[in-house]
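All values derive from a computational prediction rather than experimental measurement. Chain A is the first sequence line, chain B the second, and so forth, proteins listed ahead of strands; every chain is numbered from 1.
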Number of protein chains: 2
Amino acid sequence: MIKKKQQLNPYISVDCVIFGFDSDRLKVLLIEREDHSLNTESTLALPGDLINNEENLNESANRVLKELTGLKNIYLKQIGAFGDLNRISKKDDKAWLQTVRTNPEARVITIAYYSLVKISDSNPKASSFATSAKWYNVEEIKALAFDHYDILRAALSQLRNEIIHQPVGFNLMPKMFTLGQLQKMYEAILNKKLDKRNFRRKILKLNILDATQEKETGVSHKPAQYFVFNKKNYNSLADTGFNNFGF
Amino acid sequence: MIKKKQQLNPYISVDCVIFGFDSDRLKVLLIEREDHSLNTESTLALPGDLINNEENLNESANRVLKELTGLKNIYLKQIGAFGDLNRISKKDDKAWLQTVRTNPEARVITIAYYSLVKISDSNPKASSFATSAKWYNVEEIKALAFDHYDILRAALSQLRNEIIHQPVGFNLMPKMFTLGQLQKMYEAILNKKLDKRNFRRKILKLNILDATQEKETGVSHKPAQYFVFNKKNYNSLADTGFNNFGF
DNA sequence: ATTATAGGTGTATATTTGACACTAAGTTAC
DNA sequence: GTAACTTAGTGTCAAATATACACCTATAAT
């Protein structure tokens with residue numbers, strides 16, 4: 001494929017809410033703005049960038065993801081467009097834009113995406129638009145730059161809605177996992193306790209989990225069996241719509 | 001409120017999928033492009049417009065709706081952003097843009113909304129961006145201008161998903177309606193037959209319908225009782241999430 | 001008076017949900 | 001090495017929900 005010259009579109013950006021799960025808590029990948037000009041405390045932000053005029057919106061989002069995590073072909077879903085006039089109203093945000101944008105006064109509308117990644121596969125690194133990228137506990141985030149906190153809440157709300165209708169959460173899990181870990185993931189996302197036996201009954205009935213012969217080692221309790229995700233069965237189920245699935 | 005001078009943003013538009021229900025079929029309000037320059041058959045399109053730089057996205061969508069239907073404060077929900085590079089690839093679309101846009105070559109990303117209106121309340125009329133506006137049967141639409149067919153399908157998919165989780169369909173009904181009409185609306189949206197007795201049991205259990213003393217007149221069968229929508233109960237239910245609702 | 005049409009109603013069965021308690025297999029602390 | 005600790009793993013019963021299904025009623029048209 002021949003690459004055309006890429007030209008930034010100064011009016012439209014993408015922002016990505018990248019979720020991960022560390023076998024205990026739901027995480028989100030945030031960047032820290034380097035703000036030499038101001039001595040304010042640094043504000044965290046969602047990774048994002050202006051789109052190029054020669055790429056589709058989801059290509060832009062994938063580009064941001066790739067640059068930041070090194071990952072391709074990961075679960076990615078559009079949340080929607082955020083374009084309120086006051087989304088760039090905070091003083092610090094304005095000042096920061098002055099330092100990184102050629103057209104800092106432009107009204108920018110952002111298209112938000114959320115994605116689910118296996119933390120173990122990812123390799124967060126600085127990139128053209130981020131001086132540092134780290135995983136944070138979602139529940140501890142109380143404020144973000146611009147309207148990014150709103151976007152994070154919208155992403156979380158959509159993820160919660162999605163995960164009770166189809167088991168997309170497997171995108172957050174390592175290749176092998178125990179049912180206990182999986183349940184913890186659901187509990188972290190939905191922010192509520194689930195009954196162990198009912199959880200197992202329900203998730204196993206879907207027939208998208210294959211038991212392996214391997215067990216946990218080195219844990220100070222009865223070792224749990226490892227399962228793997230059966231993508232084939234998932235796909236055929238996805239067609240029919242996961243009819244009686246939900247937590 | 002003081003009105004600022006409104007300036008069109010040439011890169012971002014809103015498009016509205018306006019659904020209605022005529023007590024038999026699901027309808028969508030489409031505009032016909034007047035295309036004097038070409039002798040091609042006219043193509044239908046979703047109503048939409050470039051946004052103004054001084055208005056929020058949903059204000060833009062409401063402006064389009066108001067101009068086209070005369071209605072304010074109607075149910076409106078964002079579907080998402082559509083910005084594929086080839087969304088303005090059809091020859092006729094390009095030619096038409098030449099006639100109505102000052103910057104016809106610009107890459108435009110559109111934010112799509114869908115709304116639910118009572119056909120009886122609406123008064124479709126030509127406006128700055130439409131030479132004619134009429135209701136069409138959703139199921140009969142096979143092609144639209146630009147990527148509007150994709151947007152319509154996305155809107156329908158979102159509406160179907162929404163209506164089985166919360167009874168937003170009341171926005172499509174007249175003030176008084178029969179349970180038969182309501183069931184027909186669900187059947188039209190979901191495109192499947194529902195069992196009459198089960199439907200009534202389910203919808204009445206929600207306690208958001210108040211029976212009136214009035215009945216149908218002039219129908220050649222047993223006249224049905226009219227119901228009205230109880231907004232107060234709906235709102236308190238909406239908070240708790242319509243837990244066991246679905247078709 | 002007959003016919004055609006949609007309204008209105010109840011029950012029985014199968015399926016799903018939700019609540020609940022003990023034993024098993026490992027590690028750690030003593 | 002044994003007691004304490006931790007999470008894994010398992011089944012049942014009751015309540016709620018979903019599904020399937022048939023007949024009489026009130027009106028207009030003929």
Just how far is it from atom CG of Leu30(A) to atom OG1 of Thr43(A), taken to the nearest 0.5 Å?
11.5 Å
Between Gln183(B) and Glu187(B), does any side-chain donor sit less than 3.5 Å from a side-chain acceptor?
yes
Taking atom types as modelled, is there a side-chain donor on Lys27(A) or Asn137(A) under 3.5 Å from an acceptor on the other?
yes
Of all pairs that satisfy ring pair (Phe, Tyr, Trp, His ring centres under 6.0 Å), the ones with a partner from residues 56-79 of chain A, not counting sequence neighbours:
none
Tell me whether the side-chain N or O atoms of Lys196(A) pair up with the base of dA8(D) as donor and acceptor below 3.5 Å, since no angle test is needed here.
yes
Rounded to whole Å, how long is the line connecting atom CZ of Phe247(A) with atom P of dT16(C)?
14 Å
Just the rounded figure in Å: distance from P of dC21(D) to CG of Leu194(B).
15 Å
How long is the line joining CD of Gln183(A) and C1' of dT6(D), in whole Å?
15 Å
Sub-6.0 Å ring centroid separation between Phe227(B) and Phe177(B)
no
Separation of Leu182(B) atom CG from dA6(C) atom P, in whole Å?
17 Å
Readout for nucleotides 25-30 of chain C: B = base within 4.0 Å of protein heavy atom, S = sugar-phosphate only, - = neither; 5' to 3' it is BBS---
Does some side-chain heavy atom of His221(B) sit less than 4.5 Å from a side-chain heavy atom of Glu216(B)?
yes
Can you tell me the distance, in whole Å, between the CG atom of Leu204(B) and the C1' atom of dG10(C)?
14 Å
Review item, nucleotides 11-14 of chain D N/O atoms under 3.5 Å of protein N/O:
| from | atom 1 | to | atom 2 | distance (Å) |
| --- | --- | --- | --- | --- |
| dG11(D) | O6 | Arg197(A) | NE | 3.3 |
| dG11(D) | N1 | Arg197(A) | NH1 | 3.4 |

Aromatic contact, Phe82(A) with Phe146(A) (centres under 6.0 Å)
no
To the nearest angstrom, how far is Phe199(B) atom CZ from dG10(C) atom C1'?
18 Å
Tell me, yes or no, whether the heavy-atom count around Lys184(A) atom NZ, taken from other residues, nucleotides or ligands under 6.0 Å, exceeds 12.
no
In this structure, how many angstroms lie between the C1' atom of dT6(D) and the NZ atom of Lys184(A), rounded?
11 Å
Between dT15(C) (C1') and Lys202(A) (NZ): distance, integer Å:
12 Å
Check: Gln166(A) and Leu237(A) side chains under 4.5 Å, non-hydrogen atoms
no
